[in-house]
Amino acid sequence: MRDTTETQIDDEIIDAPASATNETVIGRIAAPNRFEATSSEFYFWIKRGVTLEENQIVFSETEINGEKITFYALIDEIRRNDRRADMTEAYDLADGDTAYEPPFSNEGFSYAHAQVLRIEPEIATPPIERSIVSLGEENEAKIAYGFDEISRPMPIGLLKNGAKKFAGKGLIDLDYLLGENGGHLNVNGMAGAGTKTSFLLTTVKSLENEAEKSLTTDERLAIVPIILNVKGEDLMWINRRNKNFTADDEANWHSLGIEPKPFENAKFYEPKGKPVHECEALPYSWSLQDILNEESLPFIFSEEDNLNENMTSLVREIVARITEPNGKTLNNAVPEKNWRGFLAWVRDQSEHGADGIYGKGTWRAVYRRLFNVLDEGKVIFPQNDNDTNPLRVARNESSPPQVIDVNSLPASLQRFVVGSILKQVETERKTNRIPNLRYVIMLDELNRFAPRGARDEITRLLERIATEMRSQGVILLGAQQMASQVSTKVIEMASIRVLGRTGAAELTDKIWSSWEKSFREKATKLKLEEKLVTQPTFRQPMLIEVPLNPWADKHGNIAADDDDKPLEI
């Protein structure tokens, strides 16, 4: 016999599950016409005097053929019905007089729609009408989202249970982030309102925390964060404390089990000759030989130049002509072995060296592109200076974040730097497979680097990382304002998808078709600190609140007593 307790709702004695109490029982399931229950959703009327909110966890137990089945669900809409057939009847009741109070009133009622998150045991059946609905807390939230079955959980925020309450930590499964069952994470959100960068940095901080905890376990996790600063200079002070960080914010981080500290030992890099104010960053630049060593010359030629296959093939042919058989070491074809000499050699070939395979027009197009790049990119491609400092991002163990500023570069050179770094990581992981080492690449504005429909070298490299490299320990933490503008492969291969506040027009794109309409509508109204998160094990997205960052997110937010802090470079 089912264990029950006697619970009273509106003077009616009913049987309720033992887990329910007067405080937690909030209503009963109803399934009239047009409000039918399914294994994915149900409606319930709300107990008089109870105030509920959207995004609260609820649960209901149903007995079918002697088997107890529990439904865990999320309220996504609450409505009020005053029992009138239409607005005219409501108006006529008072004859249009707002001051009139009828002597007798037939009080209305509230009811809610709930999306099913989990069924225990897993049976695809709807709940039975008149089943008791109870309010869930942290324990129910754990079951609802399957946290109890995650072998490697990682917190990324506080799980919301209404507007101001929480049901513990919002967790994701590291096996779906770091490559075991899936990989990568992608965030979408409007500029300024989506707070994508803040969320990605919180993810990096949580990963660092997991790596630190693993030092005492048999399966040590090593994290190498590579952070690309592609807009503004906001990421160039993440080793400094945030002046807006409060004791309440600190408590929120502690509730996640993470010590809220800036990225104190982060290393910063900036284009040579483009210093960032009050950031002691190391300069970077490349010689011609550096570029050949990294096999990144093709990245100088991007999709925006409308390269055809013939031009792309010529770039590869040029590499073969100016290098030894290893494809990397400069031979004597270019007498002056620097960028100026290389440009002169290409110009000479465009005038005199064209052959039957590549005509003068193709050579001249490549020369024009090279001339423009070297002219606008003098800071990273010094024409006469062989004393360069190419970026070297490979590591053999956990390291502090490497923050690489590309913000001050033109868009085409930003793409080159990103491509060069990704190529280094890809090559390193293919030649030096260190167990449990993960390169975590944080890149915003993905639409610039892997636009939908593009077929240039950098887009193809990002697609290769998204589709093939998770198993080799390369994880992409990507973000953009509009996923509809990014390579579908890059977006779809992200096992964990996150929505910050997003425009309604963007959410009509087919890439969001798997998201329920109610959650897409919710995404248009999210607060700055709120995110909707989904992973393959979730039936519906999880709403979390991300604590305020303890690090400065712009120069003006550096704490006053941190201004003179020595930076570790």
Side-chain angles (χ1 to χ4, degrees), residues 174-175 177-184 204 207-208 211 214 219-228 267 269 282 284-301 312 315-331 380 388-404 406 415-443 449-450 456-478 489-490 493:
L174 281 177
D175 285 345
L177 177 63
L178 297 182
E180 185 69 25
N181 296 327
H184 316 302
V204 172
L207 280 169
E208 286 191 334
S214 75
E219 294 187 6
R220 294 181 60 178
L221 173 64
I223 299 295
V224 181
I226 300 171
I227 299 173
L228 281 302
K267 311 298 182 185
Y269 303 88
L282 293 174
Y284 64 82
S285 59
W286 285 271
S287 68
L288 175 60
Q289 183 60 67
D290 294 330
I291 293 296
L292 294 172
N293 286 338
E294 296 176 4
E295 301 178 294
S296 55
L297 186 65
F299 299 146
I300 288 178
F301 303 88
T312 301
V315 172
R316 295 192 179 98
E317 176 65 18
I318 287 173
V319 173
R321 292 189 187 188
I322 67 173
T323 61
E324 300 292 345
N326 63 10
K328 295 183 178 181
T329 307
L330 276 166
N331 60 25
I380 61 172
T388 53
N389 301 286
L391 288 166
R392 297 284 185 258
V393 298
R395 301 290 186 270
N396 292 324
E397 58 186 7
S398 280
S399 73
Q402 301 173 71
V403 185
I404 300 163
V406 299
R415 300 186 85 242
F416 167 81
V417 176
V418 169
S420 174
I421 291 168
L422 295 176
K423 181 65 176 178
Q424 280 187 53
V425 171
E426 181 188 44
T427 301
E428 172 67 15
R429 293 308 284 162
K430 286 182 176 179
T431 58
N432 188 16
R433 296 290 297 276
I434 301 174
N436 298 323
L437 178 69
R438 299 293 188 273
Y439 283 90
V440 178
I441 300 169
M442 177 178 151
L443 179 60
F449 305 101
D456 64 283
E457 294 278 353
I458 297 171
T459 298
R460 286 201 290 258
L461 176 56
L462 271 165
E463 290 178 341
R464 196 158 63 246
I465 285 174
T467 56
E468 303 173 15
M469 294 300 293
R470 68 171 177 83
S471 62
Q472 299 179 47
V474 182
I475 304 301
L476 178 64
L477 304 184
K489 286 183 180 180
V490 173
M493 291 309 296

Judged by atom type as modelled, is there a donor-acceptor pair below 3.5 Å linking the side chain of N331 to the main-chain atoms of T323? yes

Would you compute the distance between atom CG of L174 and atom CG of L207 and round it to the nearest 0.5 angstrom? 6.5 Å

Answer yes when R316 and E457 have at least one side-chain N-carboxylate O distance shorter than 4.0 Å, and no when they do not. yes

To the nearest 0.5 Å, what is the distance between CG (L461) and CZ (F299)? 5.0 Å

Reported NE2-to-OG1 distance for the pair H184 and T467, which is rounded to 0.5 angstrom: 7.5 Å

Using a 3.5 Å distance criterion without hydrogens, assess whether the side chain of R470 forms a donor-acceptor pair with backbone atoms of I475. no

Just so I know, are the side chains of F416 and V406 near enough to count as touching, which here means a heavy-atom distance under 4.5 Å? no

Report yes if some heavy atom in the side chain of E208 is under 4.5 Å from a heavy atom in the side chain of P225; otherwise report no. yes

Determine yes or no for a side-chain-to-main-chain donor-acceptor pair under 3.5 angstrom, with S420 supplying the side chain and V417 the backbone. no

Would the number of heavy atoms belonging to other residues, nucleotides or ligands and lying under 6.0 Å from CZ of R220 be above 12? no

For P298 versus V315, what's the shortest heavy-atom pair and its separation? CA-CG1, 4.0 Å

To the nearest 0.5 Å, what is the distance between CG on D290 and CG on L297? 12.5 Å

Are the side chain of Y439 and the backbone of Q472 linked by a donor-acceptor contact shorter than 3.5 Å? no

Hey, could you give me the CD/CD distance between E295 and Q424, rounded to the nearest 0.5 Å? 11.5 Å

Any T459 side-chain heavy atom under 4.5 Å of V490 side chain: no

Heavy-atom pair of closest approach, residues S398 and A211: OG-CB, 4.3 Å

L422 versus V474: any side-chain heavy-atom pair under 4.5 Å? no

For E397, does the CD atom sit with more than 12 other heavy atoms under 6.0 Å from it, leaving out its own atoms? no

Can you find a pair of side-chain heavy atoms, one from V418 and one from I441, that are under 4.5 Å apart? no

4.5 Å side-chain heavy-atom contact, V224 and V425: no

Of E294, Q402, E428, which meets side-chain hydrogen bond (donor to acceptor under 3.5 Å, both in side chains) against R392? E294

Could you check if a side-chain atom of L282 sits within less than 4.5 angstrom of a side-chain atom of N389, using non-hydrogen atoms only? no

Could you go through the side-chain contact (heavy atoms from CB on, under 4.5 Å) check for L477 and I227 one step at a time? CA-CA 9 Å; L477 304 184; I227 299 173; over 6 Å; no

So, the side chain of T427 versus the backbone of K423: is there a donor-acceptor pair under 3.5 Å, distance only? yes

Check whether Q289 reaches the backbone of L330 with its side chain - one donor and one acceptor, N or O, closer than 3.5 Å. yes

Main chain of M469, side chain of R429: is a donor-acceptor contact present, judged purely on distance under 3.5 Å? no

In this structure, CG of L437 is separated from CG of N432 (nearest 0.5 Å) by 8.5 Å

Check whether any side-chain heavy atom of L443 sits under 4.5 Å from a side-chain heavy atom of I226, and report yes or no. no

